[in-house]
Amino acid sequence: MELRKDPITRSWVITGDDPVESSRPETACRFCPDAAGGTQVISAIPSAGTWSTRSVVHPTPLYHIEGEPGRRGDGIYDCMSSVGAHEVLVENPRHDRHLWNASDDEVGQFLRLAAERILDLKRDPRIKYVSFFKDYGKNAGQEFSHPTSQITATMFVPRRVLYELRAGREYYVSKERCVFCDILAQEERQAARVIEARGDYVALGPYAPRVPYETWILPRNHEASFERTGLSRPGLRTNLSALLRRTLQRVRTVTEDFHLVLHTSPNSLHPSKTLGYWKTIDDDYHWHIEIMPVLAAKARSYTFKEVYYSPVSSETAVKQMREAKIDG
Ligand SMILES: [Zn+2]
Ligand SMILES: [Zn+2]
Ligand SMILES: [Zn+2]
């Protein structure tokens, strides 16, 4: 497998001929505490005794930590080897305990582990971007039955984040304000698309959703990097855990299947001198979690991705999710 860059959209894709075996169905759970060997543990919380959450090497990683990226040109094209890191975050030792039915403390430990892993991977100067994501449900491409998320560390900034970084910087240059802070302020004032606010965190439906019931979770106070908040302020983490848990419960009243991704600032240990978006990143970027529910019945409507088509407005979606009966 290798990484190739589309010269027009400038997005990187992983491509190659994947050996068929990677699609073999899971027989026994490899992530349960009593699983027979094979998983390589990277780090766990707590670090001694019975673990509550831990990260392990992905059994069939898309990115490999060894080797050189070997950035090279192929005529007008760019390609490189898929060097980076790919880990599985085992959210909970229990096979049936998910982010929406675990305790706030358990969700908090998971978020702390995610923050620690991101910070640790960012120590590698080759790594440009680290994030975690979760695909849940068969229509969302769920990979393992155990409650897990995945961390990827890449030598490039993924396209969507790059768009956000550029847009955030442009907005900042003309207004000297963070676009995400401005969105939050307006949304809280209008209150039409806010699902729930919990301490310093807000869950809202974006003004222009890409899919029905798309939801973002953001810190109310400006903060460019999730991993900094995630580690430094345990009190804040409790509110974030509760909000994440409750928001997923709301999403699950609509559909089981969803994608979740963290968007956080890129590795700023070695900022680029040529890329403009680095210059004001701490002021113009604002981390957030995006949840994209997958509605099987509506899937056909937005498979044509040139223009997103979302047949439920955010105002209606938010109203429904706000009123949804959740466990608490
Ligand atoms: Zn399991
Ligand atoms: Zn902000
Ligand atoms: Zn984003």
Side-chain angles (χ1 to χ4, degrees), residues 11 25-39 41 50-56 59 88-99 101-102 106 110 129-134 136 142-149 152 157-173 175-188 200-211 214-226 228-229 236 258-266 277 280-292 308:
S11 53
E26 200 179 9
T27 43
C29 178
R30 66 206 321 159
F31 300 118
C32 274
D34 56 358
T39 41
V41 179
T50 315
W51 57 278
S52 159
T53 178
R54 67 184 186 180
S55 76
V56 303
V88 176
L89 294 175
V90 186
E91 293 157 5
N92 199 293
R94 277 178 53 183
H95 197 84
D96 59 352
R97 213 148 155 89
H98 294 273
L99 294 177
N101 61 15
E106 287 169 315
F110 159 74
Y129 188 74
V130 193
S131 182
F132 73 83
F133 66 92
K134 177 177 179 67
Y136 185 81
Q142 181 181 348
E143 203 174 353
F144 309 111
S145 60
H146 199 96
T148 49
S149 299
T152 52
V157 179
R159 183 173 61 152
R160 168 107 189 145
V161 180
L162 203 54
Y163 285 171
E164 292 183 356
L165 289 165
R166 288 185 185 139
R169 171 160 159 84
E170 274 169 31
Y171 190 91
Y172 189 83
V173 163
K175 306 200 185 201
E176 286 187 61
R177 295 195 307 265
C178 161
V179 63
F180 295 93
C181 284
D182 276 9
I183 290 174
L184 269 168
Q186 176 164 335
E187 291 299 340
E188 291 209 86
D200 286 308
Y201 298 90
V202 177
L204 56 82
Y207 180 70
R210 285 166 290 172
V211 297
E214 176 174 353
T215 303
W216 297 354
I217 294 177
L218 310 89
R220 190 179 265 145
N221 297 316
H222 182 78
E223 178 64 82
S225 111
F226 159 80
R228 271 195 301 242
T229 343
L236 294 184
F258 65 87
H259 305 288
L260 177 153
V261 66
L262 165 74
H263 284 165
T264 185
S265 63
Y277 65 74
T280 52
I281 209 160
D282 274 342
D283 297 316
D284 66 34
Y285 196 63
H286 192 128
W287 74 263
H288 54 277
I289 290 169
E290 296 182 3
I291 302 167
M292 306 275 282
Y308 292 108

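The first residue in the sequence is number 1, and the count goes up from there. Every number for a ligand or one of its atoms is a count from 1 in the order of the listing.
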Next item on the list: Kindly determine whether Glu106 and Arg94 satisfy salt bridge (charged side-chain N to carboxylate O under 4.0 Å, His left out), including the steps that lead there.
Entry: CA-CA 11 Å; Glu106 287 169 315; Arg94 277 178 53 183; over 6 Å; no
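- Taking the Zn ion (ligand 3) as reference, Glu290 places its N/O/S atom OE2 nearest.
- The minimum distance between the Zn ion (ligand 3) and any N, O or S atom of His288 involves atom NE2.
- A pairwise comparison of heavy atoms in Ser225 and Ser265 identifies CB-OG, 3.3 Å as the closest pair.
- Looking only at N/O/S atoms, His95 comes nearest to the Zn ion (ligand 1) through ND1.
- Take the N/O/S atoms of His146: the one nearest the Zn ion (ligand 1) is ND1.
- Residues Phe258 and Lys134 meet the side-chain proximity criterion, which asks for heavy atoms closer than 4.5 Å.
- In this structure, Ile183 and Pro206 have side chains that are not in contact, with every pair of non-hydrogen atoms separated by 4.5 Å or more.
- A side-chain contact (heavy atoms from CB on, under 4.5 Å) with Phe133 is found for exactly one of Leu262, Thr152, Leu260, namely Thr152.
- Interatomic distance, OH of Tyr129 versus NE2 of His263, reported as 5.0 Å (0.5 Å rounding).
- Listed by chain and number, Cys178 SG, Cys181 SG, His222 ND1, His286 ND1 are the protein N/O/S atoms closer than 2.8 Å to the Zn ion (ligand 2), with waters left out.
- Taking the six-membered ring for Trp and thresholds of 30 and 60 degrees, Phe180 and Trp216 have ring planes inclined between 30 and 60 degrees apart.
- Partners of His146 according to the ring-ring contact (aromatic ring centres under 6.0 Å, His included) rule, which considers only residues two or more places apart in sequence or in another chain, are His95.
- For Glu164, the N, O or S atom with the smallest separation from the Zn ion (ligand 3) is OE2.
- Closest to the Zn ion (ligand 3) among the N, O or S atoms of His263 is ND1.
- Contact of the His288 side chain with the Glu164 side chain is registered, since non-hydrogen atoms from C-beta on lie closer than 4.5 Å.
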